[in-house]
Amino acid sequence: MNCKRIIYYYKTFVDIDNIINLEDVVTHIHLSSIHFGLENNKHCIYLNDNNPLDACYNKVWNQLLSYKKICKGKVILMIGRENGVSTLFEDFDMYYNLLKSIINKNKNIIDGVDLDVDENIK
């Protein structure tokens with residue numbers, strides 16, 4: 001039984017074609033990172049600085065889908081530090097629904113969520 005895990009933290013401005021070409025070496029990719037906030041008094045979700053469904057991330061989602069098909073690895077969505085986990089819990093119902101909508105729209109890609117907790121949670 002092989003228990004080795006190789007996790008790659010994927011900041012969206014990096015290309016991952018080299019990882020896809022390695023096939024079964026990387027077992028998990030953690031897509032970094034989701035943040036929450038308010039814009040014009042409207043609750044928003046961000047992947048780094050943009051909406052996760054913005055066209056600027058088309059290549060990211062396509063590469064992750066290729067990784068899943070070729071490498072059969074897991075893709076985990078990381079909720080990041082600033083405006084991450086603590087903001088999620090400030091208005092959980094609203095922010096959770098935004099997070100769930102991103103997961104549902106990418107359900108063939110996202111396998112789970114990584115909560116990067118670096119601050120006190122109320």
Side-chain angles (χ1 to χ4, degrees):
M1 180 174 166
N2 185 358
C3 293
K4 178 177 72 173
R5 304 285 185 263
I6 298 176
I7 299 171
Y8 182 85
Y9 284 86
Y10 180 18
K11 192 79 167 171
T12 56
F13 50 80
V14 177
D15 192 291
I16 62 167
D17 279 339
N18 60 337
I19 288 178
I20 295 168
N21 293 329
L22 293 175
E23 292 187 17
D24 64 350
V25 174
V26 174
T27 59
H28 296 73
I29 292 179
H30 287 226
L31 180 61
S32 176
S33 72
I34 290 291
H35 306 279
F36 303 97
L38 291 172
E39 192 171 301
N40 298 323
N41 289 328
K42 182 180 175 197
H43 291 81
C44 299
I45 187 169
Y46 303 96
L47 177 55
N48 297 318
D49 296 326
N50 299 295
N51 182 303
L53 302 177
D54 189 284
C56 70
Y57 294 126
N58 287 348
K59 183 175 181 181
V60 170
W61 294 116
N62 288 333
Q63 285 186 322
L64 289 171
L65 185 58
S66 294
Y67 164 77
K68 298 270 302 175
K69 287 179 179 177
I70 295 168
C71 302
K72 311 285 191 246
K74 301 284 185 191
V75 173
I76 308 298
L77 191 59
M78 188 179 105
I79 298 178
R81 298 177 176 188
E82 185 178 330
N83 298 320
V85 177
S86 63
T87 305
L88 170 65
F89 288 109
E90 286 173 8
D91 193 346
F92 184 80
D93 291 335
M94 184 60 71
Y95 288 124
Y96 178 74
N97 284 325
L98 292 172
L99 177 63
K100 191 166 74 172
S101 72
I102 297 304
I103 292 171
N104 285 338
K105 286 184 169 85
N106 293 288
K107 61 186 167 203
N108 57 338
I109 299 173
I110 299 171
D111 296 296
V113 175
D114 171 6
L115 300 176
D116 183 16
V117 181
D118 289 331
E119 67 266 54
N120 291 329
I121 305 297
K122 298 176 187 176

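Heavy-atom basis, side chains included; hydrogens, waters and symmetry copies ignored.
If you take CG on Asn106 and CG on Leu53, they are separated by 6.5 Å, rounding to the nearest 0.5 Å. Ile45 contributes atom CD1, which lies 12.5 Å from atom CG of Asn50 (distance to the nearest 0.5 angstrom). Note: Leu77 CG to Ile110 CD1 = 4.5 Å, rounded to the nearest 0.5 Å. Atom NZ of residue Lys74 and atom NE2 of residue His28 lie 7.0 Å apart, to the nearest 0.5 angstrom. The CD1 atom of Ile19 lies 8.5 Å from the SG atom of Cys71; values are rounded to the nearest 0.5 Å.
Qualifying side-chain hydrogen bond (donor to acceptor under 3.5 Å, both in side chains) partners for Tyr46, counting only residues two or more places apart in sequence or in other chains: Glu39. The side-chain hydrogen bond (donor to acceptor under 3.5 Å, both in side chains) test applied to Asp91 returns His43, not counting sequence neighbours. With sequence neighbours excluded, the residues satisfying side chain to side chain contact (heavy atoms under 4.5 Å, CB included) with Lys59 are Asp15, Gln63.
The salt bridge (charged side-chain N to carboxylate O under 4.0 Å, His left out) contacts involving residues 102-114 comprise Lys68-Asp111, where partners must be two or more places apart or lie in separate chains.
For Phe36 against Leu88, the heavy-atom pair with the smallest separation is CE1-CB, 3.8 Å. Minimum interatomic distance between Tyr57 and Asp49 (heavy atoms only, all atoms of both residues): OH-N, 3.9 Å. Annotation for His35 and Asn48: closest pair CD2-O, 3.7 Å, computed over non-hydrogen atoms. Across all their heavy atoms, Ile109 and Val75 have their closest contact at O-CB, 3.3 Å.
Ser32 places no side-chain N or O within donor-acceptor distance of the main-chain N or O of Lys11, the cut-off being under 3.5 Å. For the pair Asn62 (side chain) and Asn58 (backbone), a donor-acceptor distance under 3.5 Å is present. Listed for the Asn40 side chain is no donor-acceptor partner under 3.5 Å among the backbone atoms of Lys42. Although no hydrogens or angles enter the test, the distance criterion places a donor-acceptor pair under 3.5 Å between the side chain of Trp61 and the main chain of Pro52.
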Side-chain donor-acceptor pairs of residues 93-104 under 3.5 Å, sequence neighbours excluded:
from, atom 1, to, atom 2, distance (Å)
Tyr95, OH, Gly37, O, 3.3
Asn97, ND2, Asp93, O, 2.9
Ser101, OG, Leu98, O, 2.7
Asn104, ND2, Lys100, O, 3.4

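Using cut-offs of 30° and 60° for the angle between ring planes, the Tyr8 and Tyr10 rings count as tilted.
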Open item on the list: Run Leu47 and Leu31 through side chain to side chain contact (heavy atoms under 4.5 Å, CB included) and show every step you take.
Closed with: CA-CA 9 Å; Leu47 177 55; Leu31 180 61; 4.0 Å; yes
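Tyr9 and Ile76 are not part of a single hydrophobic cluster, where members link through side-chain heavy atoms under 4.5 Å apart.
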